[in-house]
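Reviewing the structure listed below.
Given the structure is predicted, the values throughout are model-derived calculations rather than measurements.
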Amino acid sequence: MTQDSYQFRRATAEDLPMLAAWQATPHVSAWWDADDPYDADDLAEPKVARWIVSHAGRPFAFLQDYTVHGWDTHHFAELPKGTRGIDQFIGEAEMIGVGHGTAFIGARMQALFADGAPMIATDPHPDNARAIAVYTKLGFQPMGPAKETEWGLILPMAATP
């Protein structure tokens, strides 16, 4: 698998049933709120770019990147101007644990850095060892201890080009 073997397209209203189904799976709902699935208003939010990720023409994952300066109270608001935050999940269970996460996140990171982002931040739950291992492999480092935010308990992490 190479990073260029992944396609990213903007999530649309037609994707909402698939996203809801993915959010309801045990491996996703352990970390994402299945009771609050995405809706058309979420997709229209200009501060957040939401993507469906495909491999070999098959949609299998969701990724969002956002401006960390879009919310005054965001826990990354003090990072350098232009910093992007990322969150994602693999919706198809059989695609987990075989390198897809590292590859498609790395591909999106390359695109964000190429577009001028000075830093990329992410905030996995401190107990999400799989996500933290992937982020570490991609160059993310913790930015201090775990902390409680309005979005829940997080481990703040960041990567630079």
Taking all non-hydrogen atoms of both residues into account, name the closest pair between [X] and [Y] and its distance.
X: Ala117; Y: Arg84; answer: CB-CG, 4.1 Å
X: Glu92; Y: Arg58; answer: OE1-NH2, 3.4 Å
X: Gln23; Y: Pro37; answer: OE1-CA, 3.4 Å
X: Ala159; Y: Met109; answer: CB-CE, 3.8 Å
X: Ala158; Y: Met143; answer: CB-SD, 3.2 Å
X: Ala146; Y: Pro156; answer: CA-CD, 4.4 Å

Are Glu45 and Tyr66 close enough, and set up right, to give a side-chain contact (heavy atoms from CB on, under 4.5 Å), and what steps lead you there?
-> CA-CA 10 Å; Glu45 170 56 61; Tyr66 58 91; over 6 Å; no
Checklist line | Heavy-atom neighbours of Arg9 CZ exceed 12 at 6.0 Å | finding: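 Enclosed: over 12 neighbouring heavy atoms sit under 6.0 Å from CZ of Arg9.
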* To do: Can you establish whether the number of heavy atoms outside Glu78 located under 6.0 Å from its atom CD is more than 12?
  =>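 Result for CD/Glu78: open.
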Do the ring planes of [X] and [Y] sit parallel (below 30°), tilted (30 to 60°) or perpendicular (above 60°)?
X: Phe60; Y: Phe104; answer: perpendicular
X: His75; Y: Trp151; answer: perpendicular
X: Phe89; Y: Trp32; answer: perpendicular
X: Tyr38; Y: Phe62; answer: tilted

In the structure I gave you, are the side-chain heavy atoms of [X] and [Y] within less than 4.5 Å of one another anywhere?
X: Pro118; Y: Thr160; result: no
X: Phe140; Y: Ile132; result: no
X: Leu19; Y: Ile52; result: yes
X: Val53; Y: Gln88; result: no

Give a yes or no on whether the backbone of [Y] and the side-chain of [X] come within a donor-acceptor separation of less than 3.5 Å.
X: His27; Y: Ile90; result: yes
X: His69; Y: Ala77; result: yes
X: Thr25; Y: Trp22; result: yes

Check your understanding: Between His100 and Tyr6, is the ring centre distance below 6.0 Å?
Key ->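 Centroid separation for His100 and Tyr6: below 6.0 Å.
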ask   = Knowing that exactly one of Ile86, Val48, Asp42 qualifies, which makes a side-chain contact (heavy atoms from CB on, under 4.5 Å) with Gln64?
value =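 When Ile86, Val48, Asp42 are each tested with Gln64, the side-chain contact (heavy atoms from CB on, under 4.5 Å) holds only for Val48.
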Which of these passes salt bridge (charged side-chain N to carboxylate O under 4.0 Å, His left out) with Asp65: Arg108, Arg10, Lys47, Arg50?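 Considering Arg108, Arg10, Lys47, Arg50, a salt bridge (charged side-chain N to carboxylate O under 4.0 Å, His left out) with Asp65 is found only for Arg108.
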